[in-house]
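Beneath this line is the structure, given in structure tokens, with notes to follow.
No hydrogens, no waters, no symmetry mates; every other heavy atom, side chains included, goes into these values.
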Amino acid sequence: MRKSYAAIALAFAGTAALAQQGTPVSAPADQAAAARQRDAVPDSSGTGPFAAMKRVDRTLPEHVIYQPRDLDALGKKKLGVVVWGNGGCSADGASARQHLLELASYGYVVVAPGRILSGPGAKARTGSARRPDAAGTLPPVATTAAEVTRGLDWALAENTRSGSPLNGRIDPAKVAVAGHSCGGLQALQVAEDLRIRAVIVHNSGVFADGTNPIPGITVNKALLGRLHTPVLYVLGGESDIAWPNGTDDFKRIDHVPAALVWADVGHGGTFGEPNGGRVGRISADWLEWQLSGDGKAGKTFAGNDCGLCADPQWKIERKRI
């Protein structure tokens, strides 16, 4: 049965449980238990060469920053920047912490809007889960694309600010935007920024019927025509509620290099797994290839014998690659 757009909107911008795990809405007690279980999992440090950590900076208190723990270990290597849109466009900047720590471990400053509301170091959760009202209308999103862009503005400013631990450590030419679910729509909104050099859209896509059922975010298929960089779509297979929208996006993109990869992992992907699971490594490879020209990472996507081509669990389609 075809899923209704109300259901899709709820998955894209509804409860934190949906945003992070892609599971059906359950009773509040069940959601609270699941949240406690997720919160008890320690932070990963990533599988890349630089053990990563998350932090909050006093100059950007409404965002969460992920970066290599020991900046001196970078030597002459410059950090890239990834700005992130949270699942559900939520205000939990730690909702994809394992995945973002994985990216940071490859030498990136990753910035997500919101505060640490889950996992180690979480502040007390405030407010109730975002649910439709009696008329079926969701409340406005908790974070916006402008707040995603603010993370980029901050990182590039820190690169030139005297006294900043990031001063002189960032390469402004190595900038990407990515996001999950509703945050994937934010990534598409930000992608036209000419400072962006690569895009990743996770479990998302512009609504194929042209509607905007999520209050506080306005997107349409015209965004796709404004892409100016390579773009990667990562979907969770046909069980992913974003599958129709994401695959429709990919069909329409024909002017920039694009890849669509998927496996039967559902709307929540592998974000909750240590180091972000398989999706974390796929994403790191895309960034390393597109931003640093790493040919080994590029073999994950390019060539007849590409890594994903030979992976029995994952499928890939490509354009201009």
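Side-chain contact between Tyr106 and Arg281 is present, with at least one heavy-atom pair separated by less than 4.5 Å. Taking 4.5 Å as the limit, every side-chain heavy atom of Ile316 sits out of range of all side-chain heavy atoms of Trp314. Contact annotation: the side chain of Arg69 never approaches that of Ser45 to less than 4.5 Å [non-hydrogen atoms, C-beta and beyond]. Proximity of Leu74 to Gln67: side-chain heavy atoms (C-beta onward) are nowhere separated by under 4.5 Å. You'll find the side chain of Val219 reaches within 4.5 Å of the side chain of Asn212, heavy atoms only. At a threshold of 4.5 Å between non-hydrogen side-chain atoms, the residues Leu188 and Val206 count as touching. Put simply, the side chain of Leu101 does not reach to within 4.5 Å of the side chain of Asn275, judged on heavy atoms.
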Please walk me through it: do Arg320 and Asp254 pass salt bridge (Lys or Arg N to Asp or Glu O under 4.0 Å)? CA-CA 8 Å; Arg320 295 176 176 265; Asp254 58 11; over 6 Å; no

Please evaluate residues Leu166 and Arg161 with respect to the criterion side-chain contact (heavy atoms from CB on, under 4.5 Å), reporting the C-alpha separation (whole Å), side-chain torsions for both, the decisive distance (0.1 Å), and the verdict. CA-CA 8 Å; Leu166 299 175; Arg161 182 174 71 82; over 6 Å; no

What do the steps show when you test Cys309 against Asn304 for side-chain contact (heavy atoms from CB on, under 4.5 Å), and what is the final call? CA-CA 7 Å; Cys309 301; Asn304 293 331; over 6 Å; no

Check step by step if side-chain contact (heavy atoms from CB on, under 4.5 Å) holds for Asp171 and Asn159. CA-CA 8 Å; Asp171 182 348; Asn159 192 42; over 6 Å; no

Would Trp154 and Asp57 count as a side-chain contact (heavy atoms from CB on, under 4.5 Å) if you check the C-alpha gap in whole Å, the side-chain angles of each, and the deciding distance to 0.1 Å? CA-CA 10 Å; Trp154 173 85; Asp57 194 282; 3.9 Å; yes

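Distance CG/Asn167 to CD/Glu158: 8.5 Å, rounded to 0.5 Å. Atoms OG1 and CH2, from Thr300 and Trp286 in turn, are 10.5 Å apart once rounded to the nearest 0.5 Å. How far CG of Asn220 is from CG of Leu185: 11.0 Å, rounded to the nearest 0.5 Å. For the atom pair Leu227 CG and Thr229 OG1, the distance stands at 6.0 Å (nearest 0.5 Å). Considering CD1 of Ile217 and CD of Gln186, their distance stands at 5.0 Å, rounded to 0.5 Å. The distance from atom CG of Leu260 to atom CG of Leu232, rounded to the nearest 0.5 Å, is 8.5 Å.
By the rule that hydrophobic residues join a cluster once side-chain heavy atoms approach within less than 4.5 Å of another member, Leu60 and Leu79 end up as members of one cluster. Under the 4.5 Å side-chain contact rule for hydrophobic residues, Leu71 and Met53 do not share a cluster. Residues Val256 and Val190 are members of one and the same hydrophobic cluster, defined by side-chain heavy-atom contacts under 4.5 angstrom among Ile, Leu, Val, Met, Phe, Trp and Tyr. Grouping the Ile, Leu, Val, Met, Phe, Trp and Tyr side chains by contacts below 4.5 angstrom, directly or via other members, places Val199 with Leu223.
Using modelled atom types and a 3.5 Å distance limit, the side chains of Ser204 and Asn245 yield no donor-acceptor pair. Inspection of the His267 and Asn203 side chains reveals no N or O donor paired with an N or O acceptor under 3.5 Å. When only modelled atom types and interatomic distance are considered, Glu317 and Tyr233 share no side-chain donor-acceptor pair under 3.5 Å.
Aromatic pair Trp84/His180: ring centres not closer than 6.0 Å. Aromatic pair Phe271/His202: centroids less than 6.0 angstrom apart.
When each of Val231, Val177, Leu287, Leu103 is checked for a side chain to side chain contact (heavy atoms under 4.5 Å, CB included) with Ile200, only Leu287 meets the rule.
Checking side-chain atoms of Ser44 against main-chain N and O of Gln98 turns up no donor-acceptor pair under 3.5 Å. At least one donor-acceptor pair under 3.5 Å links the side chain of Asn86 to the backbone N or O of Pro113. Listed for the Arg55 side chain is no donor-acceptor partner under 3.5 Å among the backbone atoms of Tyr66. Lys319 contributes a side-chain N or O that, together with a main-chain N or O of Ile253, makes up a donor-acceptor pair within less than 3.5 Å. Looking only at distances, no side-chain donor or acceptor of Ser181 sits under 3.5 Å from a matching main-chain atom of Gly88.
Scanning all heavy atoms of the two residues, the minimum distance from Leu100 to Ala112 falls at CD1-CB, 4.1 Å. Contact record, Pro68 with Gly107: CG-CA, 4.2 Å, taken as the closest heavy-atom pair. Taking every heavy atom of both residues into account, Arg318 and Phe250 meet most closely at N-CZ, 4.1 Å. Contact between Val81 and Tyr108 at its shortest, heavy atoms only, is N-CD2, 3.9 Å. Considering every non-hydrogen atom in both His255 and Leu224, the closest pair reads CE1-O, 3.1 Å. Taking both residues in full, the closest heavy atoms of Ala258 and Ile321 are given as O-CD1, 3.5 Å, listed atom of the first, atom of the second, then distance.
Under the side chain to side chain donor-acceptor pair (under 3.5 Å) criterion, Gln189 pairs with no residue, sequence neighbours left out. Applying the side chain to side chain donor-acceptor pair (under 3.5 Å) test to Glu102 and every residue at least two apart in sequence or in another chain returns Thr47. Listed by chain and residue number, Asp72 satisfy the side chain to side chain donor-acceptor pair (under 3.5 Å) test with Arg169 (two or more places apart in sequence, or in another chain).
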Considering only distance and modelled atom types, tabulate donor-acceptor pairs under 3.5 Å from the side chains of residues 140-152, sequence neighbours left out.
| unit_1 | atom_1 | unit_2 | atom_2 | d |
| --- | --- | --- | --- | --- |
| Thr143 | OG1 | Cys89 | O | 3.0 |
| Thr143 | OG1 | Ser90 | O | 3.2 |
| Thr144 | OG1 | Ala146 | N | 3.4 |
| Thr144 | OG1 | Glu147 | N | 3.4 |
| Thr144 | OG1 | Glu147 | OE1 | 3.3 |
| Glu147 | OE1 | Thr144 | N | 2.8 |
| Thr149 | OG1 | Ala145 | O | 3.3 |

Atom pairs and distances, donor-acceptor, side-chain atoms in residues 289-296, under 3.5 Å, two or more places apart:
| unit_1 | atom_1 | unit_2 | atom_2 | d |
| --- | --- | --- | --- | --- |
| Ser292 | OG | Lys174 | NZ | 3.2 |
| Asp294 | OD1 | Lys296 | N | 2.9 |
| Asp294 | OD1 | Ala297 | N | 3.0 |

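Comment: Asp43 engages Arg97 in a salt bridge, judged by a side-chain N to carboxylate O separation of less than 4.0 angstrom. One finds no salt bridge joining Lys299 and Asp285 here, because no Lys/Arg side-chain nitrogen approaches an Asp/Glu carboxylate oxygen to under 4.0 Å. Ionic pairing of Lys221 and Asp248 is present here: one or more N-O contacts between side-chain nitrogen and carboxylate oxygen are shorter than 4.0 angstrom.
At most 12 non-hydrogen atoms from other residues, nucleotides or ligands lie less than 6.0 angstrom from NZ of Lys315. Open room surrounds NZ on Lys251; 12 or fewer heavy atoms of other groups in view lie less than 6.0 Å from it.
For the ring-ring contact (aromatic ring centres under 6.0 Å, His included) condition, no pair includes a residue of residues 42-63, sequence neighbours left out.
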